[in-house]
Amino acid sequence: MEILQYALRKLLGGLPLIVGVTLVSFALMVYFGPDMTYLLLGKNPTPEQILEVRQQLGYDQPFLQRYLGFLREIVTLDFGVASTGEPVTALLAKTIPVSLILILPGFILGHVVGLLMALAAAYWRGRWLDKLIMAVAVTGMSISFLIVIIGFQIVLSSSDGLDLFPVRGWNSTSLGSYLTYVTVPTLATMFVALGYETRFYRSIIVEEMSRDHVRTARAFGLPESRIFFRNILKNCLIPIITRIMFSIPQVAIGGALLIESYFGIPGVGKATYEAIITGDQPVLKAVVSLTAILFVLVVVLTDILYRAVDPRVTIE
Amino acid sequence: MSAVALPEIPPARARGESLWRKAARKFARDRLGMVALGVVLAYFVAAVGVWLGWWAMGWPDLTGTKWEAVSGTHWFGTNIIGQDIFDRAIYSTATAFEVGLIVALVATAIGAILGGFAGFFAGTWIDEVLVWLMGVLDAIPFYLFVAAVAYALTDNPWAMHVAMISTFWVGTGRLIRGEVIKLRGMEYVEAAHSIGVPEVVIIFRHILPNTSHILLVQASVMFVGAIKAEVILSFLGLGIKDGMSWGLMIDESTKEVLAGFYNNFLAASLLMFGLVMAFNAVADALQDALDPRKVG
Amino acid sequence: MALAALVAACGPVEQPSGARPATKVFRYAMDQAPTTLDPVQGANIYANFVIVNAYDTLYSYKYLARPYELKPNLAADFPTIAPDGLVYTFRLKKGVRFIDDPAFPAGRGREVVAEDLIYSIKRQFDPRNQPQGAWLWQGRIAGLEEWKAAGSDYDQPVSGLRALDSHTLEIRLLRPYPQLVATLAQGFAAVVPREAVDKYGKGLGVRPVGSGPFKLVSYDTARVVMERNPNFRQEPVDLAYEGYDPATQAFSGVEAIQGRSPPFVDRLEFNFINEPSASWTSFTKGDEIQYTVLPIEQVERVLASKRPVTLRPEYADKYHIYAGLEAGFIFTAFNMDFPDFGYNPDPERERRNKALRCAIIKGYDWQGRNESWYNGLGQVFPGVIVPASPEFDPDLSLASVSRDVAGARQLLRDNGWTPRNLPKLVYGTTAGTTERLNFEQFRAWMGDIGFPREKVVQKTYANFGDISRAWKRNQLPLVAKGWGLDYPDAENTLQLFYGPNGSPGSNDANWENPEFDRLYDEAAVMQPSDERTRLYRRMNQLVIDDCVAITGLSRTRIYLWHKDVIAVPDREILGGFWLKYADVVPAKPAGLTSRAAKGT
């Protein structure tokens, strides 16, 4: 009950953030964004036709009026139809799940493998394995994502390479086809994330390991596994939760824009990007508000999780 | 962290100097760091040469035919319209430094100033507004935000820089804010306050200099981040407007690699990898050297 | 909730490609996705490819005839035209039904009638639809403008559009319009049932309800999946009528469809692949896309010879190849409204400006562009009548498209142009690597004739809409663009230089030549004839003589398709109409069946 009250209070506190995100994004993407009028014109337009289209799109209204209209849409959750004619909600319901199941494997694997490598590095800190792992991590961090994608595609998918997986596309109707399509994107995502995750986990684990209570536990001869789970991992949970929670909006909304456009996967990242380029206002507005709301939810959830993990964290 | 600094000694400098001297000594002992620094300097020399017009000035000229192989005249071959890939790759080194330095310096400065103000005025509306701003910028997915800024500023040659700076500063801002909140409670600051030193002076003369180790590391991280982001943005068609860059070369190559023409791809990605890798190593060494727990 | 989302992602109707061997699947590929499938906005080729397969048009083009020839599609025959050329009477085929859809009573598609076409043309004049096809009929068909001005009420009649009975349509024109029949072969004129618009509104853009050979199964940004319309009318193919030429087309095995009724495949997929390299890898895998336009980058690797195009043996075993010249061209127009090099109040300056434009044209290296971007396979031609137009003159002098650096420098010198007084050339493009390299090439060529590097600058626009805005607002000095023919008639490219079409119209050059305009007015109302061709060619010469555009080049596209597909592809005038004739030979031994096909 207390948590519920707290959550509600927090949610209310998130309102300024929602206003901020929507205002900034609206100004950037919708107001100063591309003018769709000229994509919608016929080949030999007259000035009246140009005016008509602008009116239809609402470009002739003042900023404040358009922004308020947008806020109204957020409250009613009615964003209208995309330029394709598809209702925006249907578009999002179709694309977001695709992005999620596309990115989740790479996201999870990146964290798990990164954690394992970090543990090994931290355990043998300063030894050759540590150096090797950190060298691999820095190397991974130094290669551009785009190069990784092109490289993986050549090696794994092209007929000049191993030719194991489809070059592009998406099909998730059966587990088998899902796996064939998701593998290369997953490997690329994981490869890029691995360096960052390994370094992150190593640094927080090393920090915890050097704390007094861990040293004390060691001195008392407690088993390493117990020290690890009881003393180290538990104390690392807060930064880990923070990192994972705050990447959720990026994963869910930003999608893997690059992956989606390079592999031609109909996810939300690509849909949003295309909306930005063409100035498809209804889609943009929906994505922007979804982002803002999701972010606030994440903030609140993270706070609650902190408390669950460590009761000493107080609710102010 | 106990208050050992005496109010009459200009505290920022005393504390700062010893930290920097120790860090420099420590850095000099880091062999990998020194090698990496050497590599970065070599790249820098290449860039300076471009700025001074000593070399790579022929990058836009059509000096050969389509897709020539590596030869004595064209060290890395030529591209689809017959331009020299070596010249273009070297010229791009200068672009990389331009993008990296501008973004890193401006974003660090903004992060330091806004973070410093937020931290110093923690608990007041100034802090609230700044934290709110950081939250807002954090909440918008990076590439979508950058794309939006780039489109909103179409045709402006600085669109890409502005886009990166306006997101990159947030991380630094948060770190500095945290650090300043810590420093604010220290005695020398309170002392300065009590003798009526203006707040702005306190922030700029007494507090921010003490965060310079964080700023340096942050700047080096952002330098690398900017160079890498440039590649992605160029692929998305949002890159630099005039000139040549590794990102543009890699974008050029996406159409060529499966046709078996790898020169653009290899030249740009290897050169970029070298610089980024070396810079990452330098940043790591710096971080180690500047870690107060290790120094002090 | 996460689980529900996951299930939803797996839910859609898609089936794994080729899961049931009995189903004939044709996996087609295009380089972009359509923005909408509603004919009212079906402006681009990508949308059109899908639209003409989901909907019916009154006319279409013969499958195999080149040059392209119109043929009746939903119309029973060609129209009868009154002697004054102002009244057309069309008869529609009987018994054609829309696909079954909940929009109709009892979910059963009703018969297509003349009123449906009237309704569909009206939709182009209703601003609420943000229509893109109005320019085809604006100022041509009587009463449309008035209907629009009165508020676009669909229950009100249009004086120029009348259904004489359920299957007879009369169109009255304001002035003769010889291209009218061709406009009715466009996706814009696809026949849409009012019930579907009433039910789905803007949703029609993702849910076509037509009477075409296929019906939509799914649509997203990665692909469109359609399946055969089981009720599509029976119309056995007569190859001779379709313009079959055994000498050039027998290789395709197309004889196998003689006497059978299209569509031949059960399932038609349009895969949208932006990156040429991805498209190529997908094509060569064997079990993915079965058709591709050969990426320029692959030409050297894949072709054994360029004239004629033949494949290297390792590819020739697996793929068919066909080279088609585009029905359109690329060119760069000088915007004459810019006094730096266009019209100028000072007659002396205007004379020098013309010399400047002519010098720039002389300095432009069409062959160089052709070599680097089109592997030398494109066709460089003078003027604006493209080779794919029936009125093209193959004997026209190539002087205006041959590079002459010395001549250009001489011309500049003679007219008092020096590196110091040369004006700045602003070259507008969309953002992209190809566009950037095009610009760098242009800058280098202009450098050769004496332009300092800083006087040739690029101005980039984020997307096509933004650069269109700059064109329409008359803001760009140099307009580099491509134009695709809407119908095989040179009028379609000549109108690009017709004075009254100036910005925001399609005359981006804002060129106004009284003689050209007079000839255009004269020719615009003429049915095709030698006399009209003569007028067209005179207009073409005026464009060349006045140096108003650097023009032009028609690109050659090379189509490749797997040997188990029986087809003669086209991406130009015929466009999506050919897909219903495509057949796929099921089962493995593709080589065997294609041999058998050749044997017949």
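Here is the naming used below: chain letters follow the sequence lines, and residue numbers restart at 1 for every chain.
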With a 4.5 angstrom heavy-atom cut-off, could you sort out which part of Asp61(B) is near chain C: side chain, backbone, both or neither? side chain

Test your reading of the model: is there a side-chain donor-acceptor pair from Arg436(C) to the backbone of Gly243(B), 3.5 Å cut-off? yes

Side chain to side chain contact (heavy atoms under 4.5 Å, CB included) evaluation trace for Asn79(B) with Leu437(C): CA-CA 10 Å; Asn79(B) 73 354; Leu437(C) 289 171; 3.9 Å; yes

Less than 4.5 Å to any heavy atom of chain B: does that hold for the side chain of Arg443(C), its backbone, both, or neither? side chain

By a 4.5 Å heavy-atom criterion (distance strictly below it), what part of Glu371(C) contacts chain B: side chain, backbone, both, or neither? backbone

Heavy-atom check, side chain of Asp242(B) versus side chain of Val457(C), under 4.5 Å: no

Contacting moiety of Met249(B), where chain C heavy atoms sit under 4.5 Å: neither

Least distance between heavy atoms, Pro60(B) atom then Ala444(C) atom: O-CB, 4.4 Å

When you look at CH2 of Trp75(B), are more than 12 heavy atoms from neighbouring residues, nucleotides or ligands closer to it than 6.0 Å? no

Is it true that, when you exclude Trp51(B) itself, more than 12 heavy atoms of the residues, nucleotides or ligands shown sit nearer than 6.0 Å to its CH2? yes

Salt bridge (charged side-chain N to carboxylate O under 4.0 Å, His left out), that's the test. Do Lys66(B) and Glu300(C) meet it? Break it down for me. CA-CA 12 Å; Lys66(B) 177 178 179 176; Glu300(C) 302 295 336; 5.1 Å; no

So do the side chains of Glu440(C) and Leu62(B) get within less than 4.5 Å of each other, counting heavy atoms only? no

Comparing Arg453(C), Glu435(C), Gln458(C) against chain B, the one with the most heavy-atom pairs below 4.5 Å turns out to be Arg453(C)

